[in-house]
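Okay, structure first, notes after.
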Protein chains: 2
Amino acid sequence: MNKLNKLLHQELRLAIVSYLAGVEWVNFNKLLDITEATKGNLSVQIKKLEAAGYLEIKKSFKDNYPLTQCKITDDGRNALDEYVKDLKQLLNMK
Amino acid sequence: MNKLNKLLHQELRLAIVSYLAGVEWVNFNKLLDITEATKGNLSVQIKKLEAAGYLEIKKSFKDNYPLTQCKITDDGRNALDEYVKDLKQLLNMK
DNA sequence: TAAACTAGTTTATGAAATAAACCAAATTAT
DNA sequence: ATAATTTGGTTTATTTCATAAACTAGTTTA
C-alpha cells in the first residue's frame with residue numbers, strides 16, 4: 001500500500017493542480033471560477049501548494065488591482081502523476 | 001464541478017470499499033492486513049460506511065473468538081462507481 | 001465623499017482522522 | 001489455579017485540517 005499524497009488527496013487542491021497541469025499561468029479569479037471555491041479557501045490552499053513547491057505564485061498589479069497568478073511546477077506535475085498512479089492502484093484500475 | 005463523495009474521498013474508506021468491491025464477505029483481520037490500518041481506525045471507518053449503507057457488517061463467533069465480517073452493498077458499489085467517475089472528470093481523464 | 005466593489009488574507013470554529021487506551025473473553029505458561 | 005499474554009475488537013481523546021466568516025487595503029462609481 002503506497003500511501004496517497006495527503007496534500008493532493010483533497011478535493012480543492014487536487015482540482016487546482018489538475019487544472020494547472022494543463023495550462024500556463026492562471027490568475028486567482030480564474031481558479032475561483034473553475035473550482036467554485038471561496039476566496040479564503042482558495043487563498044489558503046494555493047499557499048499550501050506553493051509551500052510544498054507544487055506551484056509558483058506570482059503577485060503583480062493589473063489595471064491598478066492586485067493580481068495573483070499561479071503556475072504548476074515540475075515537482076507539482078510529478079507529484080500529481082505519482083498520486084494518480086497510486087490512486088489507480090488503490091482502486092484496482094489499470 | 002460535481003463534488004466528490006466525501007465519505008469515499010478518504011484513503012482508508014476508499015481502500016476498504018475498493019477492496020470489498022472485488023470480493024465477498026471479508027473479515028476484520030483481512031481488512032486490517034490489506035489496509036495496514038490500526039484496529040481502532042478500521043473499526044471506526046467500517047462503522048461509518050455501514051451507517052451510510054455502503055456495507056454490511058455481520059458479527060458472529062468463530063472458534064470461540066468474535067468475528068466481524070464486511071460486505072459491500074449495492075449502494076456502496078454504486079457510490080464507488082460514481083466517485084470514480086467524478087474523480088476522473090476532476091483529473092481530466094477519460 | 002460615501003457606498004460599493006475588487007482582490008485578496010487572516011482567524012476562528014467545527015468536523016473529522018487517527019492513535020492511544022481500554023475491554024471482555026480466550027489461551028498459554030507457571 | 002492463576003497470572004500473563006493474545007485475540008478481536010470498541011471507545012475516547014487528541015490533533016489536524018477544511019472551511020467560512022471576518023477583515024484588510026485599496027479602487028471605482030454615484
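Chain A is the first sequence line, chain B the second, and so forth, proteins listed ahead of strands; every chain is numbered from 1. Keep in mind that what you see is a predicted model, and the values were worked out from it rather than measured.
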So, does A:S43 get its side chain near the phosphate of C:dG8, meaning an N or O under 4.0 Å from OP1 or OP2? no
For A:L32 and C:dT6, what is the distance between atoms CG and C1' respectively, to the nearest whole Å? 11 Å
Quick check on D:dA18: is either OP1 or OP2 less than 4.0 Å from any side-chain nitrogen or oxygen of A:K48? yes
Can you tell me which nucleotide in D:dA18, C:dT10, D:dT10 comes closest to the side chain of A:V44? C:dT10
By the 4.0 Å heavy-atom rule, please label B:Q10 as base, sugar-phosphate, or nothing. sugar-phosphate
Grab the CG-P distance between A:N41 and D:dA21 for me, whole Å please. 12 Å
Check every strand shown and say whether A:K59 touches a base, only sugar-phosphate, or nothing at a heavy-atom separation below 4.0 Å. sugar-phosphate
Is it the case that B:N78 and B:E82 place a side-chain donor and acceptor less than 3.5 Å from each other? no
Separation of atom CZ in A:F61 from atom C1' in D:dT27, rounded to whole Å: 11 Å
Winner on side-chain proximity to A:Y65, out of C:dT10, D:dG26, D:dT11, is D:dG26
Consider only side-chain heavy atoms of I, L, V, M, F, W and Y, link residues closer than 4.5 Å, and tell whether A:V23 and A:L32 are in one cluster. yes
B:K6 NZ - C:dA15 P separation (whole Å): 11 Å
Can you tell which of B:I46, B:I57, B:L67 makes a side-chain contact (heavy atoms from CB on, under 4.5 Å) with B:F28? B:I46
Can you check the A:F28 CZ to C:dT9 C1' distance for me, whole Å? 9 Å
When hydrophobic residues are tied together by side-chain contacts of less than 4.5 Å, even through go-betweens, does B:L55 share a cluster with B:V44? no
So what does B:N64 touch, heavy atoms closer than 4.0 Å: a base, only the sugar-phosphate, or nothing? sugar-phosphate
Hey, is the side chain of A:N29 poking within less than 4.0 Å of OP1 or OP2 on C:dT6, counting only N and O atoms? no
What's the CD1-P distance between B:I46 and C:dA17, to the nearest Å? 15 Å
Specify the separation, in whole Å, of atom NZ of A:K47 and atom P of C:dA7. 18 Å
Calculate the interatomic distance between A:L7 atom CG and D:dC17 atom P; express it in whole Å. 9 Å
Any side-chain N or O of B:T38 below 4.0 angstrom from OP1/OP2 of C:dA19? yes
Please tell me whether B:Y54 and B:N5 have a donor and an acceptor in their side chains that are separated by less than 3.5 angstrom. yes
Taking only side-chain nitrogens and oxygens of B:R13, does any of them come within less than 4.0 Å of OP1 or OP2 of C:dA16? no
Taking any heavy-atom pair under 4.0 Å as a contact, classify B:L42: base, sugar-phosphate, or nothing. nothing
Please tell me which of A:Q69 and B:L12 maps to the more 5' nucleotide of DNA chain C, matching each residue to the nucleotide holding its nearest heavy atom. A:Q69
